[in-house]
Amino acid sequence: MGGGSSADKPLDPEVIEELKLQSTFTEKEVLRLFDRFRKHDPTDSGVITLDEFMNFEEFQSNPFCGRILEILDLNGDNQLTFRELVIALAVFSPRAPQDWKLKFLFKLYDTDGDGYISMSDLDRAVRRGLGNSEQYVSNDMIDELVRKTMD
C-alpha cells in the first residue's frame, strides 16, 4: 500500500504525491484522510472493512453505503486500502471533474455491472434508497414508479 499500517508511521511523501496526482485532494486533505482512515482501522490492518467503512460519519445513514463500498473497492476484496479510499473518494470532491461524478453515479445505479441501467437496476436502487421507509410504500407503488421512469 505504501504509507504502512503502523499507527505511528507517517504517510510516505512519495505516496502523498502519487495520491495527489491520482485524486483531486491537496496534501493537507490526503493527510487528514490518512488520520481518519487510521481511526477507522482499529486492528491496524492497513485496510477497512464494510463495517469500519460504515463508521465514517458521512456514510452512517446513507442507504447506498454498501453499494458505494462495492464501487470503491477496486479489487473486489470487500475491504479498502488507504490508496483505494483516497482514489475513490476523490469523486466526492467539489474539484472532481463532472465526468468522474457521472461515471460514479452510473455505477451506483448499474448494480449488475452490465453497462446499462435496466428496470431491475432501477428497482434495486429505489428500494435501497427507500431504506426502512419501504414499509410505508407498497411494492406495487415501487413497481409503478420504476415502470413509469423507464417508459
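Position 1 is the first residue of the sequence, and the numbers go up from there. None of these values were measured; they are calculated from a predicted model.
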Take F34 and V86 through the test side chain to side chain contact (heavy atoms under 4.5 Å, CB included) and record every step on the way to the result.
-> CA-CA 9 Å; F34 186 61; V86 170; over 6 Å; no

Looking at side-chain heavy atoms only, is the closest gap between F25 and K20 below 4.5 Å?
-> no

Of the non-hydrogen atoms in T81 and E84, which two are nearest, and what is the gap between them?
-> N-OE1, 2.9 Å

Shortest non-hydrogen pair, D112 vs D110, comes out as OD1-OD1, 2.9 Å

Okay, side chain of D41, backbone of G46: is any donor-acceptor separation there less than 3.5 Å?
-> yes

Is R127 salt-bridged to D123, cutoff N-O under 4.0 Å?
-> yes

With the 4.5 Å side-chain cut-off for hydrophobic clustering, are I87 and L105 part of the same group?
-> yes

Any donor-acceptor pair under 3.5 Å linking the side chain of D73 with the backbone of L80?
-> no

I would like to know whether T49 and N78 meet side chain to side chain contact (heavy atoms under 4.5 Å, CB included); could you show each step before the answer?
-> CA-CA 7 Å; T49 64; N78 295 317; over 6 Å; no

Can we say R32 and E29 salt-bridge, meaning some charged N sits less than 4.0 Å from an Asp/Glu carboxylate O?
-> no

Report yes if some heavy atom in the side chain of I142 is under 4.5 Å from a heavy atom in the side chain of L130; otherwise report no.
-> yes

Nearest heavy-atom pair of T24 and R95: which atoms, and what distance?
-> O-NH2, 2.8 Å

Report, as yes or no, whether the 6.0 Å neighbourhood of atom OH on Y109 holds more than 12 heavy atoms from other residues, nucleotides or ligands.
-> no

Taking every non-hydrogen atom, the tightest pair across E52 and V47 = OE1-O, 3.6 Å

To the nearest 0.5 Å, tell me how far F104 CZ sits from L72 CG.
-> 5.5 Å

How many angstroms lie between CZ in F92 and NZ in K101, if you round to the nearest 0.5 Å?
-> 8.5 Å

Whether over 12 other heavy atoms sit under 6.0 Å from M119 CE = yes

Correct closest heavy-atom pair for V91 and A96 would be O-CB, 3.7 Å

Are any side-chain N or O atoms of N55 and backbone N or O atoms of H40, one a donor and one an acceptor, separated by less than 3.5 Å?
-> no

Would you sort out whether F82 and V30 count as a side chain to side chain contact (heavy atoms under 4.5 Å, CB included), showing the intermediate values?
-> CA-CA 10 Å; F82 178 64; V30 169; 4.1 Å; yes

Okay, side chain of R67, backbone of K107: is any donor-acceptor separation there less than 3.5 Å?
-> yes

So, the side chain of E17 versus the backbone of E27: is there a donor-acceptor pair under 3.5 Å, distance only?
-> no

To the nearest 0.5 Å, what is the distance between CZ (F37) and CZ (R83)?
-> 11.5 Å

About how many Å separate OG1 of T149 and CD1 of I117, when rounded to the nearest 0.5 Å?
-> 11.5 Å

Taking every heavy atom of A90 against every heavy atom of W100, the minimum-distance pair comes out as CB-CZ3, 3.8 Å

Kindly compute the distance separating CZ (F53) from CD1 (I48), expressed to the nearest 0.5 Å.
-> 6.5 Å

Expected output: side-chain R128 to main-chain F64 donor-acceptor under 3.5 Å | no

Here the gap from E144 atom CD to N139 atom CG, rounded to the nearest 0.5 Å, amounts to 13.0 Å

Short side-chain donor-acceptor distance under 3.5 Å, S118 and D114 = no

Does any N or O in the side chain of Q22 come within less than 3.5 Å of the main-chain N or O of L19, such that one atom is a donor and the other an acceptor?
-> no

